[in-house]
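The next block holds one structure in the form of structure tokens; read it before the comments.
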Amino acid sequence: MKLAIRTGLVAAVSAAAFAVVAPPAGATTVKSDQAANEPSRATATAVTPTVVGDRVTGARVAANPKTVKAAAYNQARSILAKAGSDTAAKSHPVHGKPDVPVSYGTSLLAGSRDEFRSKDRNLPEKDKKSGMSLAHYNAIHDAARTMGIDRW
């Protein structure tokens with residue numbers, strides 16, 4: 001009995017692993033220089049990261065920095081406040097420190113994003129991007145770019 005259960009489990013795990021690794025039978029990619037009836041070989045493609053400035057980019061989103069310069073935080077705060085974020089306007093500017101934890105910036109962005117989405121909820125869908133007006137969307141992304149934050 002135990003042998004039958006183990007054999008069944010091994011078969012199920014093997015089938016699941018094969019299904020993940022092997023492409024479906026009809027899913028062949030044909031390149032322009034290949035004949036239409038010639039099956040292509042599935043090959044793994046390595047992700048080659050590229051260095052842009054002091055950041056590494058590639059197929060994955062670069063991680064947020066550990067800290068944000070105080071001047072960058074204050075500038076992002078100003079961008080969001082001018083765009084109409086009460087959250088950003090009420091937050092205090094950073095002074096007396098060269099930099100702040102990245103969580104300050106991500107919290108500022110997330111709070112402003114949620115506020116903008118709430119303010120713009122009654123706009124028609126054609127005038128919105130990511131749940132907010134285009135002006136608010138651009139302000140959020142300008143502020144994030146200023147601080148070097150990719151995810152918030």
Side-chain angles (χ1 to χ4, degrees), residues 9 12-34 36 38-152:
L9 287 175
V13 170
S14 298
F18 180 76
V20 171
V21 174
T28 59
T29 56
V30 177
K31 296 182 181 172
S32 61
D33 60 344
Q34 289 179 330
E38 179 184 342
S40 66
R41 295 182 193 144
T43 58
T45 305
V47 176
T48 307
T50 57
V51 178
V52 179
D54 61 344
R55 305 189 88 168
V56 177
T57 61
R60 297 188 184 125
V61 176
N64 286 336
K66 299 247 187 275
T67 60
V68 174
K69 296 290 181 194
Y73 174 85
N74 289 336
Q75 184 178 0
R77 180 185 160 277
S78 175
I79 290 169
L80 294 170
K82 286 179 184 173
S85 172
D86 297 329
T87 304
K90 290 178 185 176
S91 67
H92 296 284
V94 175
H95 51 84
K97 296 181 181 183
D99 51 11
V100 294
V102 74
S103 62
Y104 284 32
T106 56
S107 295
L108 179 71
L109 290 168
S112 295
R113 175 200 60 211
D114 295 343
E115 179 183 352
F116 288 156
R117 284 181 177 166
S118 176
K119 284 182 177 181
D120 297 337
R121 71 180 172 272
N122 294 327
L123 286 177
E125 285 300 316
K126 65 180 181 68
D127 296 336
K128 289 196 271 188
K129 186 168 185 177
S130 190
M132 63 188 90
S133 70
L134 192 57
H136 287 158
Y137 178 87
N138 289 336
I140 289 276
H141 285 82
D142 288 346
R145 204 171 309 117
T146 298
M147 291 187 284
I149 294 176
D150 294 322
R151 306 182 81 159
W152 61 90

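In this text, all values refer to a predicted model and were calculated from it rather than measured experimentally.
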Interatomic spacing from [atom1] in [X] to [atom2] in [Y] - rounded to 0.5 Å:
X    : Y    : atom1 : atom2 : answer
D114 : L109 : CG    : CG    : 11.0 Å
R113 : T106 : CZ    : OG1   : 10.0 Å
K90  : R77  : NZ    : CZ    : 12.5 Å

Which pair of non-hydrogen atoms, one from [X] and one from [Y], has the smallest distance, and what is that distance?
X    : Y    : answer
W152 : A110 : CD1-N, 3.9 Å
L80  : A143 : CG-CB, 3.8 Å
F116 : G84  : CE2-C, 3.8 Å
Y104 : Y73  : O-CE1, 3.7 Å
K128 : D120 : CD-O, 3.5 Å
T67  : D99  : OG1-OD2, 3.4 Å

Might you work through the side-chain hydrogen bond (donor to acceptor under 3.5 Å, both in side chains) test for Q75 and T146, ending with a clear yes or no? CA-CA 7 Å; Q75 184 178 0; T146 298; 4.7 Å; no
Can you check whether L134 reaches D127 side chain to side chain, under 4.5 Å on heavy atoms? no
Does [X] use its side chain to pair, donor to acceptor, with the backbone of [Y] at less than 3.5 Å?
X    : Y    : result
N64  : D150 : yes
S112 : L108 : yes
R117 : S130 : yes

Just one of K119, E115, H136 clears the side-chain hydrogen bond (donor to acceptor under 3.5 Å, both in side chains) bar with S85, so which one?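 The option that passes is E115.
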